[in-house]
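As the structure is a computational prediction, the values presented were derived from the model and not from experiment. In what follows, chains carry the letters A, B, and so on, assigned in the order in which the sequence lines appear, proteins first and then strands, with residues in each chain numbered from 1.
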Number of protein chains: 2
Amino acid sequence: MVAPRPPGPRSPTLEQVAEYAGVSRSTVSRVINQVSTVDPELREIVERAIEATGYVPNHAARSLVTRRTDSVALVVSEPAGREFAEPFLSRIFTDPYLGRITAGALEVLRPEGIHLVIMPADAPAHQQVLRYLRQGHVDGVLIISSHVADPLPQQLCDLHVPAVLSARPGRPLPMSYVDVEQQTGARLAAERFIALGRKHPATVCGPLDTTAGQDRLAGFRSALAVHGYAWVPAEPGDFTRAGGERAARTLLTAYPETDALFVANDLMAEGAMQALRDLGRRVPEDVAVVGFDDSVSALACRPQLTTIRQPLEEMAAEMARLLLARIREPEGRPRSVIFHPEIVERGSA
Amino acid sequence: MVAPRPPGPRSPTLEQVAEYAGVSRSTVSRVINQVSTVDPELREIVERAIEATGYVPNHAARSLVTRRTDSVALVVSEPAGREFAEPFLSRIFTDPYLGRITAGALEVLRPEGIHLVIMPADAPAHQQVLRYLRQGHVDGVLIISSHVADPLPQQLCDLHVPAVLSARPGRPLPMSYVDVEQQTGARLAAERFIALGRKHPATVCGPLDTTAGQDRLAGFRSALAVHGYAWVPAEPGDFTRAGGERAARTLLTAYPETDALFVANDLMAEGAMQALRDLGRRVPEDVAVVGFDDSVSALACRPQLTTIRQPLEEMAAEMARLLLARIREPEGRPRSVIFHPEIVERGSA
DNA sequence: GTGAAAGCGCTAACAA
DNA sequence: TTGTTAGCGCTTTCAC
């Protein structure tokens with residue numbers, strides 16, 4: 001909380017513009033709000049008065065009566081019970097994932113004149129976030145949540161705050177969401193390995209308490225089952241670079257025959273490539289590697305990463321569109337939009 | 001702009017809580033605002049009433065009278081006249097720079113209960129951003145601006161909106177800012193090359209219309225001048241990965257004898273390493289490379305990047321502190337806080 | 001087509 | 001210590 005701002009040179013009010021123009025407050029208000037029933041001549045006069053006084057409407061006053069704020073929150077949720085080496089804030093803001101989501105959402109929001117408040121919500125902050133949303137700071141919420149048992153989506157649902165999820169919710173919920181066909185993506189990776197004639201596929205999967213982690217693992221396994229693999233080694237990572245490195249090392253130590261590695265996101269793949277290098281494995285000759293995301297990390301790898309592309313920017317843009325629709329029509333049916341993944345073939349597999 | 005939200009189940013007002021508790025509005029207000037002059041017994045009653053009714057204060061109403069919003073904007077400014085391959089939004093949100101700044105700022109802002117609105121401001125959006133700020137949406141602004149001729153800082157100054165800059169302004173301005181000793185950083189790189197016995201240093205510098213670009217180049221040149229280098233080849237890049245790759249290629253083609261390369265940020269260094277690899281140069285054997293930032297990119301490189309560390313998170317945190325100070329005391333003297341860079345030695349030099 | 005007036009939910013003088 | 005009251009600046013009926 002900050003101290004009150006001192007009086008200072010306050011900007012003009014509607015009242016003052018009205019006086020300047022010699023009309024009533026209502027007329028100025030109508031001109032500002034583009035109401036068409038204003039005499040063109042008066043409108044002209046008022047517009048000049050606005051220009052002359054340098055008037056801008058006061059947001060709080062307007063918001064108080066209209067109950068709109070023209071801004072939405074981007075909530076990055078993380079439930080309790082996860083352990084990470086890196087602190088929450090640097091971890092999420094260093095991950096290219098969030099950047100792509102932000103860019104995609106703003107691509108839609110900006111032209112609509114809607115602003116974005118970014119709200120990290122680790123477990124201790126959940127209550128504050130809910131409070132914030134209840135205070136009417138924003139018209140709606142984009143929720144980035146991956147943990148299957150994350151309570152936040154349900155709570156937001158209960159609050160009747162318009163909201164859209166970044167992925168299929170862990171439990172069914174009457175809330176719009178966007179997702180990618182996770183299993184299909186994983187299958188693409190599996191098929192790539194089969195096509196390359198690899199015999200010992202394995203995977204650094206995502207955290208098994210996330211839907212993406214579960215789905216990608218299941219998709220990979222079931223696609224390989226079709227080719228006779230009743231079982232596939234898997235070691236979970238935490239979607240961070242260091243986590244991927246660690247998991248790959250564990251995996252390759254336990255299963256040194258591994259010649260194909262599916263890593264559940266590009267950031268972990270970066271770490272996995274490092275581990276492989278340290279272990280004296282060549283990529284792709286000894287071990288073929290496929291990542292997931294098609295983020296900047298994929299290009300940073302040597303060799304560059306073959307990966308499953310999910311169009312995060314477009315997905316976030318769609319989230320924003322779904323949210324706007326929901327804000328405009330809160331009782332509409334929740335919608336889901338599922339995107340198709342594609343394999344992007346580069347040097348690693 | 002969005003349509004008005006329908007009435008729906010409005011949350012309780014102060015009035016209703018007061019009625020429930022059998023006290024006046026003011027008393028409830030005092031309890032909410034932690035005013036100490038409330039009888040403990042009454043306070044207890046009121047708190048129960050708040051609990052029972054599920055009351056939360058309406059932000060707009062409060063903001064209208066207090067003239068505070070408890071939120072600040074993070075404006076990422078970019079003046080007209082720059083050409084980039086990538087669109088503005090994906091470029092800035094994909095750059096680890098912004099992520100580190102955001103994380104650092106939130107580290108200070110969050111505990112204070114202050115929220116962050118993220119506002120990209122390319123040239124066409126400048127007017128809207130100024131308008132937004134004048135409307136009183138936020139209490140202050142953190143400005144990320146690098147272009148020496150960027151008009152935005154001056155305009156914000158004129159608006160009397162509390163603001164803090166991410167770097168020394170292009171022209172002197174009565175505004176607080178944070179910076180790193182750019183020239184010292186560049187000198188560290190130069191000295192590293194001298195220590196390694198390199199004879200043909202060169203630099204992929206930053207855009208010459210940015211203070212950082214200018215300072216790092218000047219610092220590198222003047223440090224080398226001390227060692228007899230009257231002139232040093234330099235090729236400007238645009239601080240992007242692709243730009244660094246292009247610039248390094250140009251430089252190495254024109255000056256194939258180059259055996260030491262200072263690259264003005266890590267993102268460009270990543271690209272430069274790629275270019276060197278393509279040109280058949282080994283790093284560090286044939287060409288030693290030093291970057292600037294110590295971002296995640298530095299770790300993604302092979303070999304890992306020796307780089308000049310600037311503590312961006314701490315710098316952003318300091319920006320936030322300076323801003324809070326300014327909001328609380330708008331007439332205070334503008335302050336500058338300059339951080340010390342350090343060289344982080346890794347594999348590339 | 002325009003103006004007068006009520007009121008959005010809150011804080012902060014001021015009185016009691 | 002508590003209550004009464006007057007706005008904060010705007011939109012929005014409702015008369016005219």
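- One interatomic measurement links the two molecules: CG of B/Asn33 to P of C/dA12, which rounds to 7 Å at whole-angstrom precision.
- The phosphate of C/dT11 has OP1 or OP2 within less than 4.0 Å of a side-chain N or O from B/Ser29.
- Remark: the backbone N or O of A/Thr69 is paired with a side-chain donor or acceptor of A/Asp139 at under 3.5 angstrom.
- Evaluation of the salt bridge (Lys or Arg N to Asp or Glu O under 4.0 Å) rule for A/Arg321 yields A/Glu318 as partners, not counting sequence neighbours.
- Set against D/dG9, C/dT11, C/dC10, the side chain of B/Ala61 has C/dC10 as its closest nucleotide.
- Between B/Glu112 and B/Arg68 no salt bridge is recorded (no basic side-chain N to carboxylate O distance below 4.0 Å).
- Under the ring-ring contact (aromatic ring centres under 6.0 Å, His included) criterion, B/His59 pairs with A/His137, sequence neighbours left out.
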- Tell me, with the steps shown, if B/Val72 and B/Ile327 meet side-chain contact (heavy atoms from CB on, under 4.5 Å). CA-CA 10 Å; B/Val72 304; B/Ile327 291 171; 4.1 Å; yes
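- Taking atom CD1 of residue B/Ile32 and atom C1' of nucleotide C/dG9, one finds them 12 Å apart after rounding to whole Å.
- The heavy-atom pair separating A/Thr102 from B/Phe93 by the smallest distance is CG2-CE2, 3.6 Å.
- The stretch residues 142-167 of chain B participates, sequence neighbours left out, in no salt bridge (Lys or Arg N to Asp or Glu O under 4.0 Å) pair at all.
- The nearest pair of heavy atoms linking B/Gln16 to B/Pro12 is OE1-CA, 2.9 Å.
- Although no hydrogens or angles enter the test, the distance criterion places no donor-acceptor pair under 3.5 Å between the side chain of B/Gln154 and the main chain of B/Pro151.
- A/Leu64 places its CG atom 12 Å from the C1' atom of D/dG7, with the value rounded to the nearest Å.
- Identified under the salt bridge (Lys or Arg N to Asp or Glu O under 4.0 Å) test for residues 42-51 of chain B, with sequence neighbours left out: B/Glu44-B/Arg48.
- Here the closest non-hydrogen pair linking A/Pro120 and A/Ile92 is CB-CD1, 4.0 Å.
- Contact annotation: B/Thr27 reaches the phosphate of D/dG3 (side-chain N/O to OP1 or OP2, under 4.0 Å).
- Across every non-hydrogen atom of A/Val161 and A/Gly140, the tightest pair is CG1-CA, 4.3 Å.
- The salt bridge (Lys or Arg N to Asp or Glu O under 4.0 Å) pairs that include a residue from residues 14-39 of chain A are A/Glu15-A/Arg25, where partners are two or more places apart or lie in different chains.
- Of the residues in residues 38-59 of chain A, those placing a heavy atom less than 4.0 Å from an atom of DNA chain C are A/Val38, A/Asp39, A/Leu42, in numerical order.
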Listed pairs under 3.5 Å, donor-acceptor, residues 167-179 of chain A side chains, sequence neighbours left out:
{"from": "A/Arg168", "atom 1": "NH2", "to": "A/Asp215", "atom 2": "OD1", "distance (Å)": "3.0"}
{"from": "A/Arg168", "atom 1": "NH2", "to": "A/Asp215", "atom 2": "OD2", "distance (Å)": "2.5"}
{"from": "A/Ser176", "atom 1": "OG", "to": "A/Arg335", "atom 2": "N", "distance (Å)": "2.9"}
{"from": "A/Ser176", "atom 1": "OG", "to": "A/Arg335", "atom 2": "O", "distance (Å)": "3.4"}
{"from": "A/Asp179", "atom 1": "OD1", "to": "A/Gln182", "atom 2": "NE2", "distance (Å)": "3.1"}
{"from": "A/Asp179", "atom 1": "OD2", "to": "A/Arg168", "atom 2": "N", "distance (Å)": "3.1"}

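- Atom OG of A/Ser71 sits about 8.5 Å away from atom CG of A/Leu116, to the nearest 0.5 Å.
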Under-3.5 Å N/O pairs linking protein and nucleotides 5-7 of chain C:
{"from": "C/dA6", "atom 1": "N6", "to": "A/Arg25", "atom 2": "NH2", "distance (Å)": "3.2"}

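- Contacts classified as salt bridge (Lys or Arg N to Asp or Glu O under 4.0 Å) and involving residues 116-134 of chain B (residues at least two apart or in different chains) are given here: A/Arg110-B/Asp122.
- Near DNA chain C, meaning a heavy atom under 4.0 Å away, the residues from residues 14-24 of chain B are B/Leu14.
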Polar atoms only, N or O, under 3.5 Å: list the protein pairs with nucleotides 14-16 of chain C and their distances.
none

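- Summarising the geometry, the separation between CZ on A/Arg134 and C1' on C/dG9 is reported as 15 Å, rounded to the nearest angstrom.
- Rounded to 10°, the helix from C/dG1-D/dC16 to C/dA16-D/dT1 has 40° between the axis fitted to its first five pairs and the one fitted to its last five.
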